[in-house]
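These notes are about the structure you will find just below.
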4 protein chains.
Amino acid sequence: MSENVASFPVADSPSAHDNEQPKTQDVGGVAGQRLASFIERIERLEEEKAALMEDIKEVYAEAKGVGFDVKTMRKLISLRKMDTEKRREADELLELYKAAVGLA
Amino acid sequence: MSENVASFPVADSPSAHDNEQPKTQDVGGVAGQRLASFIERIERLEEEKAALMEDIKEVYAEAKGVGFDVKTMRKLISLRKMDTEKRREADELLELYKAAVGLA
Amino acid sequence: MSENVASFPVADSPSAHDNEQPKTQDVGGVAGQRLASFIERIERLEEEKAALMEDIKEVYAEAKGVGFDVKTMRKLISLRKMDTEKRREADELLELYKAAVGLA
Amino acid sequence: MSENVASFPVADSPSAHDNEQPKTQDVGGVAGQRLASFIERIERLEEEKAALMEDIKEVYAEAKGVGFDVKTMRKLISLRKMDTEKRREADELLELYKAAVGLA
DNA sequence: ACCGTGGTTAGCTTTC
DNA sequence: GAAAGCTAACCACGGT
């Protein structure tokens, strides 16, 4: 039933009691600036991420260049990752058992 | 000429009984070490990527904390990204034209 | 670069060699009927899937009702699934090695 | 598929010698069997679900094969689903009203 | 009772 | 063009 309605919901600030309207379009007032700031931060991080992904591709390419099989490498890495995750989950399961059984 | 680098200097098969190997897995020798190095580099980069993704999630969380709608933000960013890509493609097209016409 | 354009692209039939174009715009024509048929099939399958998911939830609920910890159960099942997948992937990796090394 | 059914991994102590009967603690006993049964039922249902998902993919593939745009189809179906849910919710609301007013 | 969290599912990208 | 891996949206659960 409940449906969020507001896509730009927020007052211009958490504790918005500063009455001076910035003149410059209050859609895009303090809240707008804050939003812009968040957006920028995220986009910056996304850029870094993209760069990293690029780097990864390059490493694969380099490996391929000296004769390794990329697909195999990927599989290997995936397997290693699964190991890691599985161990982590197994640990969690153990904790869960302990909790379920009343051993804090 | 059988060049073991150009093909795949693979470890002997899983069913091997090569257990008592000296420290530095000489299965595959130099190539094996090289492979290990690639793997490590990739896994390191993947870790960084994961950390970045974590950061991004945190920024979204912070934005949410002050009242912004995350889903909307995502859409916004995605839209901006599309714009960027579109422009980039347009630029590429322009370069192509220039090249085709002899303008370096 | 390439971007698909047509959202309702299709000719009115796979083996469309019947040249007589129906003149009357095929939106809702043979192709439309065919599309409707696909949609129905998918929606039917989705329904069955939803029913199955419901069943699963019920089993969990029943288990919970007799005292088992649902979260633990989920983890357990997830772990078992990981085992299965990991084995499958390990096999694939082996095949990959063999192929990379030239062993059909 | 899965063979080790009685796998009830952790629970009883790591070095549990199964010679001694389970005393009061029912690890691996009746409760264990019951748990195994639940697990099996769920895994069976999950398998069916996976099969269904496979079927759905195949229908999409078939549709694509005769020229329909899968992405568009997905959107369409999603839209229809939203409609359905909306109507269902509206009906529920109506029921609620009726109940509130004393109309069974 | 709501929010936050984690897990699941679906969609998209990229690879082969 | 198909298959897979990755990412993002969704949903149900438990905590506060």
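Since the structure is predicted, the reported quantities are computational estimates derived from the model, not experimental observations.
Along DNA chain F, the nucleotide nearest to A/E46 and the one nearest to C/E92 differ in position, and the one closer to the 5' end is contacted by C/E92.
Annotation: side-chain contact (heavy atoms from CB on, under 4.5 Å) contacts of B/K81 (sequence neighbours excluded): B/E85.
Rounded to whole Å, atom P of F/dA8 lies 12 Å from atom CG of A/L45. Atom CD in B/E54 sits roughly 14 Å away from atom C1' in F/dT7 (whole-Å rounding).
Note that the CG atom of A/L79 and the NZ atom of A/K86 stand 12.0 Å from one another [nearest 0.5 Å]. Expressed to the nearest 0.5 Å, how far CG of D/D91 lies from CD of D/E95 amounts to 7.0 Å. Distance check, rounded to the nearest 0.5 Å: CD of C/E58 to CD1 of D/I42 gives 11.5 Å.
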Show me the donor-acceptor pairs, under 3.5 Å and distance only, between side chains in residues 46-57 of chain A and residues at least two apart or in other chains.
none

Atom pairs and distances, donor-acceptor, side-chain atoms in residues 68-78 of chain C, under 3.5 Å, two or more places apart:
from	atom 1	to	atom 2	distance (Å)
C/D69	OD2	C/T72	N	2.9
C/D69	OD2	C/T72	OG1	2.4
C/K75	NZ	A/E92	OE1	2.4
C/S78	OG	A/E89	OE1	3.0

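Legend: salt bridge (charged side-chain N to carboxylate O under 4.0 Å, His left out) pairs involving residues 32-43 of chain B, not counting sequence neighbours, sorted by first then second residue: A/E62-B/R41, A/R80-B/E43.
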With sugar-phosphate taken as primed atoms, P, OP1 and OP2 and all else as base, the protein-contact string of nucleotides 9-16 of chain F at under 4.0 Å (heavy atoms; B, S, -) is SS---S--
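Here chain C contacts DNA chain E (any atom closer than 4.0 Å to a heavy atom, that is under 4.0 Å), and the contacts span E/dG7 to E/dA10 from 5' to 3'.
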